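Please read these numbers as outputs of a predicted model, since none were measured by experiment.
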Amino acid sequence: MSKTEKPSKEHKLFAETVIEIFSPTFDQFEFKKHKTKVEKYSTTITFRKENQYVTISGSTYPTDYPYCYNVILGDGDSEDFCEYDWNSIALWRIKTQLDPKSKSSEYEFPFEKAVKYSLENANQELKKYGLEFLNGNLELFKEVRKEQNKSREPYKIHTPDKNGKYKTTNEPKSVEQKKKYS
C-alpha cells in the first residue's frame with residue numbers, strides 16, 4: 001500500500017497559481033478543468049476540450065533535478081500512461097518548430113515570488129505558440145508529435161530465459177503507439 005503524502009507548500013502555491021493564471025485562457029477556448037493532482041513533489045493539472053487536453057505538470061522530486069515543469073498538449077486519452085506518453089508533446093517543441101533560434105526547453109520550476117512571473121510567461125507562450133492547437137487546428141501539433149515520435153524507441157521489456165540470460169523485446173502496446181503516432 002502506498003502512503004499518500006501531504007502536498008508541499010511549493011506545490012500548493014504552484015497549483016493555485018496555475019489555476020488562477022491559466023483558467024481564463026482555457027475558458028476562452030472552452031477547455032474545462034478535468035483533473036488536479038497535487039503531491040509533496042509534483043503537480044499535474046489537466047484541462048480538456050473533447051479529445052484535446054493541456055496538462056501543466058511540474059516536479060521537484062529529488063532525483064528529477066533540475067526541477068522543471070511543462071505545458072503539455074495532447075490529443076486523445078489523458079489518463080492512460082502509454083497513450084498520453086505517445087499522443088502528447090511539450091509546448092516548447094512547437095515553439096522550437098516555429099522559432100528555431102529560440103533556446104526552448106521545459107520551464108525551470110519556480111519558487112516563491114517567481115511562481116506568478118514564470119506561469120504568466122508560460123501562459124503567454126501557450127497563447128502565442130499553441131494558439132492553433134487551442135483553436136482546434138491540430139495540423140502543426142500532429143506534425144511536431146510525429147517528428148518527436150519518429151526517433152523514439154518503443155518501450156523495452158527485459159526478461160530472463162530458462163538459462164537466466166536476459167532477452168530484450170519491444171513492449172507490444174508501445175510498438176502500436178509508435179506506429180500510430182509516428
- Would you say N70's side chain and I72's backbone share a donor-acceptor pair under 3.5 angstrom? no

Return all side-chain donor-acceptor pairs below 3.5 angstrom for residues 22-34, not counting sequence neighbours, or 'none' if the list is empty.
unit_1, atom_1, unit_2, atom_2, d
S23, OG, I19, O, 2.6
T25, OG1, N123, OD1, 2.9
T25, OG1, N123, ND2, 3.1
H34, NE2, E79, OE2, 3.0

- Interatomic spacing from OG1 in T36 to CD1 in I45 - rounded to 0.5 Å: 5.0 Å

- Query: Nearest heavy-atom pair of Q52 and G136: which atoms, and what distance?
  - Reply: OE1-CA, 3.6 Å

- Give the minimum heavy-atom separation between S102 and S104, together with the two atoms involved. OG-OG, 2.7 Å

- Just how far is it from atom CG of D161 to atom NZ of K167, taken to the nearest 0.5 Å? 8.5 Å

- Message: Is there a path of hydrophobic side-chain contacts, each under 4.5 Å between heavy atoms, that joins Y41 and L13?
- Response: no

- Message: Check for me, please, whether Y61 and V38 land in the same ILVMFWY cluster - side-chain distances under 4.5 Å, paths through other members count.
- Response: no

- Query: Have H11 and T60 got a donor and an acceptor in their side chains that come within less than 3.5 Å?
  - Reply: yes

- Where I21 and E120 come nearest, the two heavy atoms and their spacing: CD1-CG, 3.6 Å

- Query: Taking atom types as modelled and ignoring hydrogens, do the side chains of T55 and S57 form a donor-acceptor contact shorter than 3.5 angstrom?
  - Reply: no

- Message: Is the shortest side-chain heavy-atom distance between K12 and P7 below 4.5 Å?
- Response: yes

- Task: Would you kindly say whether S118 and Y69 are connected by a side-chain donor-acceptor distance under 3.5 Å?
- Result: yes

- Query: Hey, does the side chain of S88 reach the backbone of G74 with a donor-acceptor pair shorter than 3.5 angstrom?
  - Reply: no

- Going from CZ on R145 to CG on L140, what distance comes out if it is rounded to the nearest 0.5 angstrom? 12.0 Å

- Message: With heavy-atom distances below 4.5 Å as the criterion, would you say the side chains of D75 and K142 are in contact?
- Response: yes

- Item | Spacing of CH2 belonging to W86 relative to OH belonging to Y84, to within rounding of 0.5 Å | 14.0 Å

- Query: What is the distance from atom CG of L73 to atom CG of L134, rounded to the nearest 0.5 Å?
  - Reply: 7.5 Å

- Query: When rounded to the nearest 0.5 angstrom, what distance separates NZ in K150 from NZ in K146?
  - Reply: 6.5 Å

- Message: For the aromatic rings, using the six-membered ring if either is Trp, is the centroid distance between F109 and Y107 under 6.0 Å?
- Response: no

- For A122 against V71, the heavy-atom pair lying closest together: CB-CG2, 4.2 Å

- Query: Is it the case that N87 and Y53 place a side-chain donor and acceptor less than 3.5 Å from each other?
  - Reply: yes

- Message: Can you tell me how the ring of F133 sits relative to the ring of F141, calling it parallel under 30°, perpendicular over 60° and tilted otherwise?
- Response: tilted

- Query: So, R48 and S78: side-chain donor and acceptor under 3.5 Å apart, yes or no?
  - Reply: yes

- Message: Are there over 12 heavy-atom neighbours, none belonging to F111, within less than 6.0 Å of that residue's CZ?
- Response: yes

Side-chain donor-acceptor pairs under 3.5 Å in residues 89-99, sequence neighbours left out?
unit_1, atom_1, unit_2, atom_2, d
R93, NE, Q148, OE1, 2.7
K95, NZ, E125, OE2, 2.8
T96, OG1, W92, O, 2.9
Q97, NE2, E143, OE2, 2.9

- Under a 4.0 Å N-O cut-off, is there an ion pair linking K6 with E39? no

